[in-house]
Amino acid sequence: LGLLLGVVLLPGLVLADHGLMLVIQGWQWPPLMDLMERLTWLGEGAVEIGILVVVGLVGWRRGDGCLRTRGLIGAATVAGAGLMDQLLKNLLCRARPNAPDAGAFFANFPCVPAKYAYASFPSGHATTAFATAALLTLWYPRWAGVWLGLAALVGLSRVVLGSHFPSDVLAGALLGSVVALVVHAYVPALRRSEKAAPAGLA
């Protein structure tokens, strides 16, 4: 239901982006900006993938097949979501908030490879953060609020810092979540490891 709601809201949010950015620009409070700078790195694809690779390596070292499978498949899933995000950026060429023609799609088209100024939609940080959060929520639902809350803060940081429009973040969140859900549903190795997981972790 959350994904469906997000898809329905996305077109309207694209139209409201400029007005929302004007409101958000009023949040330029130095302590908040410092916090957002510290949080935004959590959405770096290399960080997300690295964390999951470490999880897989810990599982390998402990002889825990479940943990190893989750870590390695999780890392591949986040990497795949990131690649899909890059493909969309290069197809849609949306200008970032601080770029000429801010918010315009197909700006400087074709933009392959997309320059930073024309790689706004979707947000890569939101994509990888929500792909990771969705997987962790499926694996360890007791901590769902933590995983999703951190991903939401990463997305918020991208808007507050002026790197993305709100609709860029929503699109990234949808993309990352959908990729994670599809992998969870259709990768047999992951489902087997989930059944074998200790009850205390699930």
Side-chain angles (χ1 to χ4, degrees), residues 1-10 13 35-36 38-62 64-86 88 121-160 164 166-202:
L1 288 175
L3 291 174
L4 180 60
L5 179 62
V7 171
V8 170
L9 291 177
L10 185 58
L13 193 57
L35 176 61
M36 294 294 101
R38 295 175 186 275
L39 284 171
T40 200
W41 72 272
L42 286 173
E44 291 283 351
V47 173
E48 307 279 3
I49 294 168
I51 289 171
L52 291 167
V53 167
V54 169
V55 168
L57 292 174
V58 169
W60 173 75
R61 184 174 180 84
R62 293 181 178 177
D64 185 336
C66 168
L67 198 60
R68 181 177 66 249
T69 300
R70 285 181 170 180
L72 297 181
I73 292 181
T77 300
V78 174
L83 288 174
M84 293 180 68
D85 171 84
Q86 291 301 313
L88 288 172
F121 188 97
S123 164
H125 283 66
T127 298
T128 55
F130 274 90
T132 304
L135 287 173
L136 291 172
T137 295
L138 290 165
W139 297 338
Y140 310 115
R142 293 179 184 178
W143 294 86
V146 174
W147 316 133
L148 296 174
L150 286 172
L153 286 172
V154 168
L156 177 63
S157 75
R158 304 308 291 161
V159 178
V160 173
H164 286 284
S167 64
D168 301 334
V169 171
L170 177 57
L174 291 170
L175 175 61
S177 299
V178 166
V179 171
L181 289 170
V182 169
V183 171
H184 180 264
Y186 291 103
V187 176
L190 188 56
R191 294 202 300 275
R192 285 197 298 271
S193 68
E194 186 176 46
K195 291 176 183 177
L201 290 177

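Keep in mind that this is a model prediction, so the values were computed, not measured.
- For the residue pair Glu48 and Thr132, a side-chain donor N or O sits within less than 3.5 Å of a side-chain acceptor on the partner.
- Between Leu138 and Leu181 the shortest side-chain heavy-atom distance falls below 4.5 Å.
- Every residue meeting the side chain to side chain donor-acceptor pair (under 3.5 Å) condition with Thr127, not counting sequence neighbours, appears here in chain and number order: Asp85.
- Residues Val187 and Val183 meet the side-chain proximity criterion, which asks for heavy atoms closer than 4.5 Å.
- For the atom pair CG (Leu156) and NE2 (His125), the distance works out to 13.5 Å, reported to the nearest 0.5 Å.
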Pair up each side-chain donor or acceptor in residues 71-84 with any protein partner under 3.5 Å, not counting sequence neighbours, and list the distances.
residue : atom : partner : partner atom : Å
Thr77   : OG1  : Ile73   : O            : 2.8

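- Between Ser177 and Leu3, the shortest heavy-atom contact is CB-CD2, 3.8 Å.
- Contact detail for Arg70 and Trp139: the closest heavy-atom pair is O-CH2, 3.0 Å.
- Taking OG1 from Thr137 and NE2 from His184, the interatomic distance works out to 10.5 Å, rounded to the nearest 0.5 Å.
- Heavy-atom minimum distance, Ser123 versus Arg158: OG-CG, 4.0 Å.
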Let me have the donor-acceptor pairs involving side chains of residues 144-154, under 3.5 Å, with sequence neighbours excluded, atom names and distances please.
residue : atom : partner : partner atom : Å
Trp147  : NE1  : Leu136  : O            : 3.4
Trp147  : NE1  : Tyr140  : O            : 3.3
Trp147  : NE1  : Trp143  : O            : 3.4

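- One distance of note links OG1 of Thr40 with CG of Leu35; it measures 10.5 Å at 0.5 Å rounding.
- From Ile51, atom CD1 reaches atom CG of Leu42 across 7.0 Å, with rounding to the nearest 0.5 Å.
- Phe130 CZ to Leu174 CG: the interatomic distance, rounded to the nearest 0.5 Å, is 9.0 Å.
- Among all heavy-atom pairs drawn from Leu170 and Gly6, the shortest one is CD2-O, 3.6 Å.
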